[in-house]
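Down below is the structure, laid out as structure tokens.
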Amino acid sequence: IGNTNDGGQLWVSQANGMLFVAATASNQLWVINPATFATRAVSIASPFVLTENTALHRLYVGSRDANTITVEPDTLSP
């Protein structure tokens, strides 16, 4: 799922247990439900690092090439 190339990151949500994969080379953020193996891809330019704020229910995705941070709800699901 996705191509992390020379970077990327995997993150397990503390809020809902979803697995997030920053697929840098594929320009996608993959959301995986580990219980059902359902997947969803969100287009984000060069996602590289991930972190989560469970109090605000937000997932922060850093873009290596665009030098930006995309904020997604941590309730993303496949």
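In this text, all values refer to a predicted model and were calculated from it rather than measured experimentally.
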Q. Can you name the nearest heavy-atom pair linking P47 to L29, along with the distance?
A. CG-N, 4.4 Å

Q.
How long is the straight-line distance from OG1 of T39 back to CE of M18, given to the nearest 0.5 Å?
A. 12.0 Å

Q: Hey, could you give me the CG/OG distance between L50 and S13, rounded to the nearest 0.5 Å?
A: 11.0 Å

Report all side-chain donor-acceptor pairs from residues 70-78 shorter than 3.5 Å, counting only partners two or more places apart or in another chain.
none

Q. Is there a chain of hydrophobic side chains (I, L, V, M, F, W, Y, each step under 4.5 Å between heavy atoms) that links W30 to L59?
A. no

(Q) Tell me every residue that passes side-chain contact (heavy atoms from CB on, under 4.5 Å) with S63, counting only those two or more places apart in sequence or in another chain. (A) A45, S46, A66, T68

Q: Provide the full list of salt bridge (charged side-chain N to carboxylate O under 4.0 Å, His left out) pairs with a residue in residues 35-62, sequence neighbours left out, each pair given once.
A: none

Q) Out of curiosity, does V31 fall in the hydrophobic cluster containing W11 (side-chain heavy atoms, cut-off under 4.5 Å, transitive links)? A) yes

Q: Test side-chain contact (heavy atoms from CB on, under 4.5 Å) on V42 and Q28 and set out the steps.
A: CA-CA 5 Å; V42 178; Q28 295 174 324; over 6 Å; no

Q: First locate atom OG1 of T51, then atom CD1 of I69, and finally report the distance between them rounded to the nearest 0.5 Å.
A: 10.0 Å

Q | side-chain contact (heavy atoms from CB on, under 4.5 Å) partners for S43, two or more places apart | A | none

Q: Report the residues that fulfil side-chain hydrogen bond (donor to acceptor under 3.5 Å, both in side chains) with N53, sequence neighbours left out, ordered by chain and then residue number.
A: none

**Q.** Residues clustered with F48, ILVMFWY side-chain links under 4.5 angstrom
**A.** V49

Q | Spatial distance of atom CZ (F37) from atom CD1 (I32) [nearest 0.5 Å] | A | 9.5 Å

Q | Which atom of P34 lies closest to which atom of L19, heavy atoms considered | A | CD-N, 4.3 Å

